[in-house]
Each structure stands twice: as C-alpha cells, then as structure tokens.
Asker: 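The structure is given below, and queries will be raised subsequently.
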Amino acid sequence: MTLTPTSPTLSRDRIFAGGEWLSPASSAELVVESPVDHSEVGRAPDGTAEDVDIAVRAAREAFDHGPWPRMTAAERADWLDRLADEMERRGGTTSEIITAEIGQPVRLSRPWAGVRPITHLRYYANVARRPDFEEEERPNVYGTGNSIIRHEPLGVAALIVPWNHPQASLTLKLAPALAAGCTVVIKPAPESPLDVYQFAEASLAIGMPPGVINIVPGGRDTGQALVAHPGTDKIGFTGSSEAGRHIASVAGGRLVPVTLELGGKSAAVILESADLDAAFTSLRTAAFDNTGQTCALMSRILAPRALYPEIHERLVALAGDLVVGDPTDEATELGPLVSRRIHDRVSGMVERARAAGATVVTGGQVLPPEGYFYAPTIVTDAAVDSEIAQDEVFGPVVTLLPYDTVDEAVRIANDSHYGLAGAVYGAPDEVLGVARRIRTGSIGLNGYRPDLNTPYGGYKDSGLGREFAPEAVRNFQETKSIWR
Ligand code: NAD
C-alpha cells in the first residue's frame, strides 16, 4: 500500500478573522492524524472561546457596518462567482488535503471537494439573481393594493460542520448564507481543520470585504462557544443527532434560529419486482459510499422473503468485491475510517450485535496493515429493534432484514427514530406508491440521487429545516412585510 505523504506545509497556526491571519489566544493545537498510517498530516489551532469572540466580533462588524449586507444581491452573486472561480483553481489541492485528512478515496474527494463546492457557490449566485430574491409584492386580502415582502439578511451565521464531506457540507450553508447577505464564522471539525483554509485564501485572493468569512478551527468546546455567543444570529449545523439536540437547546434558550442536518439509518426496500442487477449496482455506492461515513446511506436493506437467499448472496458478494485500500489509489472505493473514535464505535457496535445474537456474515474485522481500515460488513438475523438495526453505525456495515409483505417493509422502514433518506427498488409502477409511505426527508426510486435543486433534510431525529434548493436561502433571511 502506498501511503499518503505527510506534508508539513498543510499545518496552520492562525485563525482567520476580519480578513487577517491572527495568532490564536492559546497554544492549544489540533493534530490531524492520518487514518491510513497514523502519521501527522498537519496541525491547526484548537480555537478557544476568546478566538471565537474575536471571529464573531469581526463578523458582527462586517455585518453591522460593512458593505456585504448593503450591496445588492446581484453584486453578492458576482462575488460568489469570483469565489467559485478561485476555489475551482484550488480544487485539486483541496481534494488532496481532504484525502490526507480523512482518508477519503480520491475518486470521491475530487468530485466532493473539487467540484461540488464550486457548483454550490455558482448555484446560489444564480438564485441571488432572481428578481424576487430580496423583495416581492403580493395582493392584499383585507384591503386593496399590494404589500411588499422583503427578505433581509439575518445577521452573523455560525456554520458548524463535520468531517465526512467537509467542503460539501460547508458550502451548502456558506453559499446560501453569503447570497443572503449574512457574514459567517466557520468552525470545521477537529478531524478536518485544514481544507477550510482554502476559503480564507480564496477570499483574500479575490479581495472580498474583510469579516465576511471568518474561521476558527476547534472541537466541541469551540463549537459550544460559538453557539452560545450572543453575537451570532443563526446556527447552521451538520453533525450527530446528539450534538444537534444540544445545539438546538442552546439556540432555543437564545431564541436564535437553527438548521440541523443530522444522522440517519436509512432503509433500501427491495421489492419482488426489482431488477437485482440494477439494484446492486446502485447499492454499491448507496450503501457503502465514503466507507459508510455518509449520513444518507442505505444501512438497512429490506429483502422480500422470496428473494432473501439471492439478496443475501449478492450482498455478501458485493461486500467482498469492494476495493478497500490506499485512498490515493484511483481504484480504491473504500478507504480507512476517519479516526480511532469512529473505528472503535463501528467495531463496538458490530461486536455488540454479535453478542446479541445477530450473525456477522462477512467482515466484522479490522483490516491490515495499519490505520483505521475496517472490512465491509454484512449483519443478518438482527432483531428489528436491536442497536445494529436502529442506530447509526457510520461505517461500512449493512444490516439485512427480511420482510413478508410490502406493508411490513414500510413498517420496518418507518420503525426508526431517524427519517433522513431511503430508496425503493422495484417495478416503475410500484416504487412511487411505496416511497410515498416512507417518512423520510428524501427517498430515491431505483437509486438514491440527491439533487441540489430539491430540498434536503430529515424528519424526526435526522434534523430540523432543509438545505439545498432556493429554499435554503430562507435559512439565512428574515422576512419583513411592508404594508401600504
Ligand atoms: P459530531 O456531532 O460529533 O460533530 C460534528 C461537528 O459538530 C464538529 O465540528 C464538532 O466539533 C461539532 N460539535 C460536536 N458537539 C458539539 C456541540 N455540543 N456544540 C457545538 N458543536 C459541536 O458528529 P461527527 O460524529 O463528527 O459526524 C458525523 C455525524 O454527522 C453523523 O451522525 C452523520 O450522520 C452526521 N451528518 C449528517 C449530514 C446530513 O446532511 N444530515 C451530513 C453529514 C454528516
């Protein structure tokens, strides 16, 4: 296995606030460990409450007195396009940094870090150019004439993101926030604090007004300081349901709006009418992408009893066929898990499933040579209400569950405290009816292909509010009615 080279140039020792590189208040550091070989990838400041305060003040100043919220939406759209152009130039480097930080295979980090963030910026630039973006008129109902509805920038937005798709989850917040006229403080995850600096450099390179984008890396304490800071007006969060619940309670106490994109335990329902070749081509990525570390993966597969033996066989064959290895290799489909924390969590859940009577048909073990590699794993004979069938594993572990009737399949799919995603595989005239009955924020027919132009988010413990689509801009706007 060729290992990702350690590059000391990835290290950073500054926070970014008010358009300047500032020394952090303390010498505390985040050390990014390569999940491939445990070598040091780089370091970044572990931001303190004092650093957060400096960044929020810079964002506050830029919002209260700077040009950003005062320029027209079309002018901001031009800035977003310039930022997209600059990030596009950096796309190759950004995806390399992400592969080093989190071990994401290059075949994923190139599109997810090198292309999608740029697509997001350009998409919201175009949304900002719509004539009704900031102001629209509606006819009055109580009286005559029209009233004006204004959508004004909300203020300073705190953007807290996880490590699993760091650039994509960030730009799904950053692009609509900037388009709306907000200024932002970004807190990346401690596992991936380095790639985000590309935005700082890009914003300097194009001469964006200072204080519009501010960055403080750090862990949970840094995030908590940001969420609790009285200078923030909006929290946009992607991460675990546990953290989301805590953040929502703090935001509730402060009465600031919060958008939460949280975990999932999505079900793929395979109907008897399914084309299994096509279904398994889809499930190769829909169940295992990003080494199982994606919120919307089909981590439960529901098989009709009549097809159970064949689906079982195909699933085991798929798990054995996935190419696990060096994330810098073009052929690699699954890299290592991101960290010891996630690795221990995944192996602990599989071991507890085994102890509870489930069968680990394939996988269920750590892979050599070193790092956090874990074999693609299929679990059967698990009770529907067991931990492995209910909780998010966030690793390459799929639980196969049989069902007797379509009603039972729908019931099992909905028997979850999550409600993020799902997929139904079957004849075209059957799948839509089943999809309509499943209570999730999104669902795919014969595949799972999220699209930026449609809202994305979760029911139940999977979140609050929606991202994607023009609607996401409303997360960063206040609405004002002007009556006349
Ligand atoms: P996590 O919740 O531990 O951390 C996510 C981010 O939140 C990190 O930046 C972390 O430092 C910060 N954080 C943690 N606790 C915090 C707190 N109390 N206050 C403020 N900030 C806090 O999540 P993780 O385990 O690192 O990431 C994986 C999780 O993210 C999974 O549950 C996954 O499903 C979820 N996720 C959801 C989506 C979605 O769109 N629904 C997308 C990607 C990941």
Side-chain angles (χ1 to χ4, degrees), residues 30 32 35 44 46-47 49 52 101-102 104 112 116 120 158-173 185-193 195-196 215-229 232 235-251 253-254 258-266 289-299 337-346 349 391-395 416-421 440-442 448 450 452 455-468 472 475:
L30 302 167
V32 181
D46 187 358
V52 166
E101 283 176 316
I102 64 166
Q104 185 172 69
W112 280 89
R116 288 213 175 178
H120 299 164
L159 309 182
I160 301 177
V161 289
W163 46 267
N164 63 330
H165 284 298
Q167 290 272 319
S169 52
L170 172 60
T171 48
L172 286 167
K173 298 168 176 46
V185 178
I186 301 167
K187 195 212 73 73
E191 294 85 352
S192 55
D195 58 275
V196 70
I215 299 171
V216 184
R220 175 183 309 211
D221 291 348
T222 317
Q224 284 182 338
L226 185 55
V227 170
H229 197 293
T232 57
I235 319 290
F237 174 76
T238 298
S240 61
S241 300
E242 185 193 0
R245 194 171 274 114
H246 178 79
I247 288 168
S249 71
V250 176
R254 294 186 48 223
V258 59
T259 308
L260 304 174
E261 292 289 347
L262 308 175
K265 187 75 182 180
S266 302
D289 222 20
N290 205 26
T291 319
Q293 302 167 119
T294 294
C295 50
L297 292 183
M298 306 304 141
S299 51
L337 294 168
V338 69
S339 65
R340 183 172 301 282
R341 173 172 72 97
I342 296 292
H343 193 265
D344 289 352
R345 180 184 154 85
V346 171
M349 283 182 80
D391 289 344
E392 183 176 51
V393 180
F394 228 54
S416 172
H417 58 99
Y418 292 114
L420 188 61
T440 56
S442 63
Y448 185 73
L452 182 58
Y456 174 84
Y459 288 16
K460 303 189 260 181
D461 286 357
S462 291
L464 270 184
R466 293 291 178 269
E467 291 191 335
F468 288 43
N475 294 330

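All ligand and atom numbering here is 1-based and tracks the order in the structure.
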Asker: Applying a 4.0 Å heavy-atom criterion (strictly less than), which segment of Pro190 is in contact with ligand 1: side chain, backbone, both, or neither?
Answerer: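 Side chain only.
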Asker: Of the protein's non-hydrogen atoms, which lies at the shortest distance from atom 20 (C) of ligand 1, and what is that distance?
Answerer: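 Result: Gly223 C, 3.3 Å.
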Asker: Tell me which protein heavy atom sits closest to atom 7 (O) of ligand 1, plus the residue, atom name and distance to 0.1 Å.
Answerer: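 Checked against all protein heavy atoms, atom 7 (O) of ligand 1 sits closest to Phe237 CE1, 3.0 Å.
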Asker: Can you check whether Gln224 has an N/O within less than 3.5 Å of an N/O in ligand 1?
Answerer: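 By distance alone, the answer is yes.
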Asker: Would you confirm whether any non-hydrogen atom of the protein falls under 4.0 Å from atom 1 (P) of ligand 1?
Answerer: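 Yes, because at least one protein heavy atom sits under 4.0 Å from atom 1 (P) of ligand 1.
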Asker: Does an N or O anywhere in Ile342 fall below 3.5 Å from an N or O of ligand 1?
Answerer: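 By distance alone, the answer is no.
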Asker: To which of Val393, Val161, Leu226, Ile235 does the heavy atom nearest atom 8 (C) of ligand 1 belong?
Answerer: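 Result: the heavy atom closest to atom 8 (C) of ligand 1 is in Val161.
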Asker: Can you find an N/O atom of Leu262 closer than 3.5 Å to an N/O atom of ligand 1?
Answerer: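 Yes; the residue has a nitrogen or oxygen that sits under 3.5 Å from a nitrogen or oxygen of the ligand.
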Asker: How close does the nearest protein non-hydrogen atom get to atom 38 (C) of ligand 1, and which residue and atom is it?
Answerer: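 It is Cys295 SG, 3.0 Å.
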Asker: Under 4.0 Å, heavy atoms only, figure out whether ligand 1 is touched by the backbone of Arg341, its side chain, both or neither.
Answerer: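 The answer is the side chain.
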Asker: Below 3.5 angstrom, do we get any N/O pair linking Lys187 and ligand 1?
Answerer: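 Looking only at distances, the answer is yes, because the N/O contact criterion of under 3.5 Å is met.
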Asker: Please identify which atoms of ligand 1 are closer than 4.0 Å to at least one heavy atom of His246.
Answerer: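 Near His246, the atoms of ligand 1 are 18 (N).
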Asker: Looking at atom 44 (C) of ligand 1, what's its closest protein heavy atom, distance included?
Answerer: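 That would be Asn164 ND2, 3.4 Å.
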Asker: Under 3.5 Å, N or O to N or O, is Trp163 touching ligand 1 that way?
Answerer: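 N/O-N/O distance under 3.5 Å: yes.
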Asker: Looking only at protein heavy atoms, identify the closest one to atom 32 (O) of ligand 1 and say how far it is in Å.
Answerer: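 That would be Glu392 OE1, 2.6 Å.
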Asker: Any nitrogen or oxygen of Ser240 lying under 3.5 Å from a nitrogen or oxygen in ligand 1? Just yes or no.
Answerer: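 N/O-N/O distance under 3.5 Å: yes.
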Asker: Should the proximity of Glu242 to ligand 1, defined as any heavy atom under 4.0 Å, be assigned to the side chain, the backbone, both, or neither?
Answerer: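 No part of Glu242 is near ligand 1 at this cut-off.
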